[in-house]
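Let me begin by presenting the structure, written as structure tokens, before commenting on it.
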Amino acid sequence: MRPALLDEYAGQLHLLAVGKPLRRAIEESRPHSMLFWGPPGTGKTTLARLITHYWEAEFLTLSAVLAGVKEIRAAVEVARQNRDQFGSKTVLFVDEVHRFNKAQQDAFLPHIEDGTLLFIGATTENPSFELNNALLSRVRTYVLRALAVDDITAVLQRALQDTVKGLGDLHVQASEGVLEALAAAADGDARRALNWLEIAADLAEDTSAGLQITDATVKEVVAESLRRFDKGGDLFYEQISALHKSVRGTDPDAALYWLCRMLDGGCDPLYIARRVVRMASEDIGNADPRGLQLALNAWDAFERLGSPEGELMIAQAVVYLACAPKSNAVYTAYKLARADAQQSGSLDVPMHLRNAPTKLMKALDYGKGYRYAHDEKDAVAVGENYFPDALKGRRYYEPVERGLEIKIREKLRAFRQR
């Protein structure tokens with residue numbers, strides 16, 4: 001069902017609408033090397049084939065999962081012969097290009113540079129992290145988006161009607177709303193939707209109106225489907241980031257949604273539990289210290305109960321943290337103190353803060369002048385310095401005026417004024 005013309009291509013109007021730079025480059029035959037970055041099933045390979053057709057070039061393809069430097073050299077040799085002997089262009093399409101290591105990626109550079117071939121790479125991973133800068137600087141990166149339900153529905157409708165490449169010869173009909181349901185379940189992936197449609201057509205019910213794909217058929221086909229999650233990939237980190245930011249932004253509803261999205265996609269609940277502990281310290285901190293304890297309790301409860309009962313405890317902790325007063329004062333103070341510790345070198349501990357367990361140490365004035373805080377008023381040695389001399393007077397921790405830190409702020413202010 002790959003389209004033969006740009007007008008048949010589904011989605012990606014931000015790149016391929018009339019007048020857009022990429023569409024103009026394709027239609028006006030202005031070749032350049034490029035990289036397509038987007039989720040599975042969004043048409044990266046199809047678009048590469050369309051571009052090759054419009055540019056009247058030979059299409060060569062490599063999969064980074066299976067190919068190595070040997071296969072790259074063979075493809076380059078074909079491209080060189082096309083250029084030198086026939087004066088024709090060659091598009092080398094590399095699928096899953098992020099799986100190539102640095103040396104393999106570097107193997108393309110001179111041939112892109114001298115015009116031996118037009119390079120088109122496809123990746124589902126963030127190219128900023130997975131591709132080296134030398135390759136990125138020689139290609140234009142285009143971001144492909146997950147297909148909308150309407151786009152996938154149109155693809156499915158065309159597949160049902162097409163008698164040459166599709167299922168038209170089967171004369172299968174779809175009940176109202178069935179194609180839309182398949183498209184929605186495909187979660188932006190047209191390839192997945194087409195695979196399901198083919199299975200659904202095989203399972204179509206023989207009714208008085210002919211073969212019919214019904215709601216029951218769709219439910220049977222997509223029963224074991226999972227949402228896009230891609231553990232360890234971009235989507236994994238995007239969703240945990242959304243969960244963390246929803247908690248930080250005091251939106252318990254959005255936080256619950258992202259929690260359920262991750263669990264629905266197959267994320268390990270223990271990973272989420274660990275991240276929730278981090279949220280409790282980083283974003284709630286001493287504004288509500290109970291948040292950290294609840295997060296730890298949720299982690300422990302999940303390990304005791306397992307799934308699916310244990311997910312409720314994680315949800316409870318997420319909602320509590322989202323509703324709790326927020327403070328990043330400790331997190332900010334920690335970063336400031338760490339920067340000083342890293343940049344100030346090996347400053348000596350002041351003599352009055354050193355222990356003196358031996359006579360020699362006492363003779364060298366270790367511990368001399370130390371004031372025992374419990375002997376002072378309110379158990380505070382007002383005016384005492386606990387920093388190395390070069391850092392005396394540093395301030396890192398500034399409690400916010402929310403939650404318990406209101407009282408901590410007042411207490412510290414009073415001691416500092418004294």
Might you work through the side-chain contact (heavy atoms from CB on, under 4.5 Å) test for Leu179 and Leu197, ending with a clear yes or no? CA-CA 8 Å; Leu179 295 186; Leu197 180 65; 4.1 Å; yes
Glu238 vs Trp258 side-chain heavy atoms within contact, under 4.5 Å: no
Heavy atoms only: give me the nearest Asp114-His111 pair and the separation to one decimal. OD1-O, 3.0 Å
Minimum heavy-atom separation for Asp378 and Arg418, please, with both atom names. OD2-NH1, 3.0 Å
Counting only heavy atoms not in Arg290 (residues, nucleotides, ligands), do more than 12 fall under 6.0 Å from its CZ? no
Applying side-chain contact (heavy atoms from CB on, under 4.5 Å), run through Leu156 and Trp196 and close with a yes or a no. CA-CA 10 Å; Leu156 297 178; Trp196 282 344; over 6 Å; no
Go through the side-chain N and O atoms of Asn126 and Glu130 and say whether any donor and acceptor fall under 3.5 Å apart. no
Does the pair Asp215/Lys219 count as a salt bridge with the N-to-O cut at 4.0 Å? no
Are any non-hydrogen side-chain atoms of Leu35 and Ile120 less than 4.5 angstrom apart? no
Could you tell me whether the side chain of Thr52 and the main chain of Ala48 form a donor-acceptor pair under 3.5 Å? yes
Indicate yes or no: does Glu77 engage Arg80 in a salt bridge with an N to O separation below 4.0 Å. yes
Would you find more than 12 non-hydrogen atoms of other residues, nucleotides or ligands less than 6.0 Å from Arg145 atom CZ? no
Close side-chain approach of Pro350 and Phe387, heavy atoms under 4.5 Å: no
When rounded to the nearest 0.5 Å, the distance separating CG of Asn101 from CG of Asp106 is 9.0 Å
Ionic contact status for Lys245 with Asp283, cut-off 4.0 Å: no
If you draw a 6.0 Å radius around NZ in Lys165, do more than 12 non-hydrogen atoms from other residues or ligands fall strictly inside? yes
For Val18, is there any backbone N or O sitting under 3.5 Å from a side-chain donor or acceptor partner on Arg23? no
side-chain contact (heavy atoms from CB on, under 4.5 Å), that's the test. Do Asn297 and Met313 meet it? Break it down for me. CA-CA 8 Å; Asn297 288 344; Met313 287 75 211; over 6 Å; no
Main-chain N/O of Arg278 paired to Glu282 side chain as donor or acceptor, under 3.5 Å: no
Which one of Leu336, Thr332, Asn286 satisfies the side chain to side chain contact (heavy atoms under 4.5 Å, CB included) criterion with Tyr397? Asn286
Between the main-chain N or O of Trp55 and the side-chain N or O of Lys89, is there a donor-acceptor pair closer than 3.5 Å? yes
Does Tyr9 reach the main-chain N or O of Leu50 with its side chain, forming a donor-acceptor pair under 3.5 Å? no
Where Ala146 and Thr42 come nearest, the two heavy atoms and their spacing: CA-CG2, 3.7 Å
Determine, step by step, whether Thr45 and Arg2 satisfy the side-chain contact (heavy atoms from CB on, under 4.5 Å) criterion, reporting the C-alpha distance in whole Å, the side-chain angles of both residues, the deciding distance to 0.1 Å, and the verdict. CA-CA 9 Å; Thr45 304; Arg2 293 192 192 279; 3.9 Å; yes
Among Leu92, Val91, Val139, which residue satisfies the side chain to side chain contact (heavy atoms under 4.5 Å, CB included) criterion with Leu118? Val91
Whether the side chain of His32 engages the backbone of Arg30 through a donor-acceptor N/O pair (distance < 3.5 Å, no angle test) should be reported. yes
Check whether Glu71 reaches the backbone of Leu62 with its side chain - one donor and one acceptor, N or O, closer than 3.5 Å. no
Is NZ or CZ of Lys411 both nearer than 6.0 Å to the six-membered ring centre of Phe415 and within 45° of the ring axis? no
Do Lys44 and Thr124 have side-chain heavy atoms sitting under 4.5 Å apart? yes
To the nearest 0.5 Å, how far apart are CZ in Arg275 and NE2 in His244? 7.0 Å
Is any side-chain heavy atom of Ile272 closer than 4.5 Å to a side-chain heavy atom of Ile314? yes
Where Pro110 and Ala107 come nearest, the two heavy atoms and their spacing: CD-O, 3.9 Å
Does a side chain donor of either Thr90 or Arg83 reach within less than 3.5 Å of an acceptor in the other side chain? no
Heavy atoms of Ala287 and Ser327 approach each other most closely as CB-CB, 3.7 Å
Got a sec: does the CD of Glu198 have more than 12 other heavy atoms crowding it under 6.0 Å? no
With a cut-off of 6.0 Å (strictly less than), are more than 12 heavy atoms of other residues, nucleotides or ligands near CD of Glu56? no
Gln85, CD atom: more than 12 neighbouring heavy atoms under 6.0 Å: yes
Nearest-0.5 Å distance that lies between atom CD in Glu27 and atom NZ in Lys20: 14.0 Å
Would you compute the distance between atom CD of Gln104 and atom CG of Leu135 and round it to the nearest 0.5 angstrom? 12.0 Å
Hey, does the side chain of Gln12 reach the backbone of Leu144 with a donor-acceptor pair shorter than 3.5 angstrom? no
Is Pro269 close to Leu263 at the side-chain level, that is, under 4.5 Å between some pair of heavy atoms? yes
Side chain to side chain, Leu15 and Phe36, heavy atoms closer than 4.5 Å: no
Any heavy-atom pair between the side chains of Leu16 and Ile26 that's under 4.5 Å? yes
Whether Arg138 side chain and Ser33 backbone form a donor-acceptor pair below 3.5 Å: no
Can you classify the ring geometry of Phe108 versus Phe100 as parallel (below 30°), tilted (30 to 60°) or perpendicular (above 60°)? tilted
Please find the pair of heavy atoms, one from Ala79 and one from Thr116, that lie closest to each other, and give the distance. CB-O, 3.6 Å
Check: Asp251 main-chain N/O paired with Ser246 side-chain donor or acceptor under 3.5 Å: no
